[in-house]
Amino acid sequence: MKHHLSQLLSEAVQTLQSHGDLPADLSIKIGLERTRDRKHGDFASNLAMVLCKPAQSKPRDLAEKLVAALPDSDQVTKIDIAGPGFINFFLSPAAYHATLSQVLKQADRYGRSNLGQGKSVQVEFVSANPTGPLHVGHGRGAAYGATVADLLAAVGYRVHREYYVNDAGRQMDILATSVYLRYLDLCGEELVFPANGYKGDYVWDVAASLHREHGDDLRHPAAEIFADTPADEPNGGDKELHIDALIQRCKDLLGTEHYRETFDLGLDSILENIRRDLEEFGVHYDDWFSERSLTENGLVESAIQRLKETGHIYEKKGALWFRSTDFGDEKDRVVVRENGQSTYFASDIAYHMNKLERGYDRVIDVWGADHHGYVPRVKAALSALGDDAGKLDVLLVQFAVLYRGGKKVQMSTRSGEFVTLRELRQEVGNDAARFFYVMRKCEQHMDFDLDLARSQSNDNPVYYIQYAHARIASVLRQMPDRGMQWDSNMGEQNLHQLTESHEDALMVNLSRYPELVEAAAINHEPHAIAHYLRDLANDFHTYYNAHQFLIEDQALRNARLSLIQATRQVIANGLKLLGVSAPDSM
RNA sequence: GCGCCCGUAGCUCAGCUGGAUAGAGUACCGCCCUCCGAAGGCGGGGGUCACAGGUUCGAAUCCUGUCGGGCGCGCCA
């Protein structure tokens, strides 16, 4: 619908150009918007105002010329020039009837398009360290990333969803060490657990598995582990130095093989937990990309090599530095430490290099906003490697703060007191969780009201929308008892009988849906879908209260049934995009 | 100190690439079920779009500065 009008305008511009009313070398985008006020028609274009300068004419004069040059269309009944020079389009009822038929015909495909033309895009999201269960902060990234991916898929991109598994590095060593210390505890050793270790219950679970497999075979006296280690924080020492020493001691005492086994046991069980959690949340991946594999396949090495060859690496204080300041970063960054170990950043360079080498047209990273300072250096690295950093979009998701009983739910990673995603899902349900997470635009801090999400009341937007869907389903269910059935052909032939203002409003909103999905996909804004659905549900509830559907007049009845059937369809399609169910009864 | 994000109704938030009289929900007040699901609908009050400049036909939207809130500034990941 919008594309059609856009096309008409662009033809009009060409006509004026050929007449010399407009310069030939214009590069303009056609501005065309839905009107806010129905009095201004259905669509409005500001084209005449934008072009009045190059045309050297008054906006309204130019508007008249443009309108005169517009080709005829059976979808348009009237074109007005209004205000400072808006061109207002009034669409014919037939245009709306056509979209209604389209909704019914295309069913769950209505709203999909080929905007992306099959271009490939990789979306990496969540990618939480497998050192513990997902918490509510990850939940927002999960819901957001999954929806952005689904939106892009809906408008014709080939989407590859990926989770980057940080299965290497110091945090994982801390986990492995934590597991081993809990194992020793289970063996009967008495020890003081390090301040910087992972204290969650899940660590005990992994330790128990280790103990089941090996009994006391891996046991070493606690005294031996802790001998000569630097003091821990509670004893006035440095918790980082303390844990590092413990890691080293564990590696030495366990030996490569058993250390690796302990490490992998923790990794696998936690990763499995994360996988299951996300699956249950309706978040699916095509790939779980291992950070460790980067090193094992020499990708980190070759990335650094490439940077060296192009002169972007220098040595200072025994470490290797990437001169990211050449590409706009605040300071240069270490890629290989003094101790010879490559940094997390080095892995990330290799990972992003690999992403682009895989040939994606676009690459999207969804990160927590606390990582925003990291963006320039990753882009710098891609530029230094000669890749197109513009292909990478980093979407930053702000934190979500939980409220229960009107009070902020306190969380701190330090004490291990955080609400897990699983707990949240159990408390409010998957539907409410998915919906609430994407209700706000991602750069907006979010107050997540648990009581509201859980409440089965009109306050809760999820139920409000689902209720509209269930109500329609309920109406359709009751037809057989009244000896009625929906005749879709008769419905379509009588759409002209839908003359009530409620029906008009509903049809307008249904026709907006494809435009909305496209905009939401391109701008990575799932919240637009959430707001739209609320709006659409409102249109329906209003209609429902004002008019009857199951009436004697067959022609009108079938027309109305077609309308609400189409409404049901669009609500279902929209909810599907958000990962929310559309129940027939509730 | 520097950088990024945010500041719109009492509260939570929309506001599309700069467009016409700034909108929802909630809370508050008043109405609507012999009627397809009242988990609903209708009406009402409520605004210096943080503040001050600038850009232009036009600014909540873009630019600069100030104030307020969040986050980040490791040879951690």
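Small disclaimer: the values here were computed from a predicted structure and weren't measured. Here is how names work: the chains are called A, B, and so on, in the same order as the sequence lines, proteins then strands, and each is numbered from 1.
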Review point. Is the phosphate of B:G74, meaning OP1 or OP2, less than 4.0 Å from a side-chain N or O of A:Lys331?
Key: yes

**Study point:** Nucleotide nearest A:His531 when distance is taken to its side chain, options B:C71, B:G15, B:C13
**Key:** B:C13

Review point. Between the side chains of A:Glu291 and A:Ser347, is a donor N or O closer than 3.5 angstrom to an acceptor N or O?
Key: yes

Check your understanding: Considering Watson-Crick and G-U wobble pairs with both distances under 3.5 Å, what does B:A38 pair with?
Key -> none

Review point. Does any donor atom in the side chain of A:His527 or A:Arg440 lie under 3.5 Å from an acceptor atom in the other side chain?
Key: no

Review point. At under 4.0 Å, does any side-chain N or O of A:Thr131 touch on OP1 or OP2 of B:A77?
Key: no

Review point. Does B:C13 fall in syn (glycosidic angle within 90° of 0) or anti?
Key: anti

Check your understanding: Are OP1 or OP2 of B:C6 and a side-chain N or O of A:Arg440 less than 4.0 angstrom apart?
Key -> no

Point to revise | Footprint string (nucleotides 55-63 of chain B, 5' to 3'): B base within contact, S backbone only, - free, heavy atoms under 4.0 Å | key: --B------

**Study point:** Who pairs with B:U66 - Watson-Crick or G-U, where each distance is under 3.5 Å
**Key:** B:A50

Point to revise | A:Asp370 CG to B:C76 P, straight-line distance once rounded to whole Å | key: 18 Å

Exercise for review: Respond yes when some side-chain nitrogen or oxygen of A:Asn460 is under 4.0 Å from OP1 or OP2 of B:U26, and no when none is.
Suggested key: no

Point to revise | N or O in side chain of A:His372 less than 4.0 angstrom from B:G70 OP1/OP2 | key: no

Point to revise | Pairwise P distance, B:C63 and B:G25 [rounded to whole Å] | key: 32 Å

Check your understanding: Out of B:A38, B:G25, B:C6, which has the shortest distance to the side chain of A:Tyr544?
Key -> B:A38

Check your understanding: How is A:Asp539 classified with respect to the nucleic acid when contacts are heavy atoms under 4.0 Å: base, sugar-phosphate, or nothing?
Key -> nothing

Study note, to complete from the structure: note: A:His547, atom NE2; B:G41, atom C1'; distance rounded to Å ~ 12 Å

Check your understanding: Are any of A:Gln341's side-chain N or O atoms less than 4.0 Å away from OP1 or OP2 of B:C76?
Key -> no

Practice item. Indicate whether any N or O donor in one side chain lies under 3.5 Å from an N or O acceptor in the other, for A:Ser127 and A:Trp367. Key: no

Check your understanding: Can you say whether the rings of A:His502 and A:His547 are parallel (under 30°), tilted (30 to 60°) or perpendicular (over 60°)?
Key -> perpendicular

Review point. Is the ring centre of A:Phe549 under 5.5 Å from the base ring centre of B:C36, and are the two planes under 30° apart, so that they stack?
Key: yes

Check your understanding: Any idea how A:His135 and A:His138 line up, ring-wise: parallel (<30°), tilted (30 to 60°), or perpendicular (>60°)?
Key -> tilted

Review point. Are any of A:Tyr463's side-chain N or O atoms less than 4.0 Å away from OP1 or OP2 of B:G37?
Key: no

Check your understanding: Any side-chain N or O of A:Arg454 less than 4.0 Å from the OP1 or OP2 oxygen of B:A39?
Key -> no

Review point. In the strands shown, is B:A60 matched to any nucleotide by a Watson-Crick or G-U wobble pair with both distances under 3.5 Å, and which?
Key: none

Review point. Which is true for A:Gln398 with a 4.0 Å heavy-atom rule: it touches a base, it touches only sugar-phosphate, or it touches nothing?
Key: sugar-phosphate

Practice item. Using both distances under 3.5 Å as the test, list the Watson-Crick or G-U wobble partner of B:G18, or none. Key: none

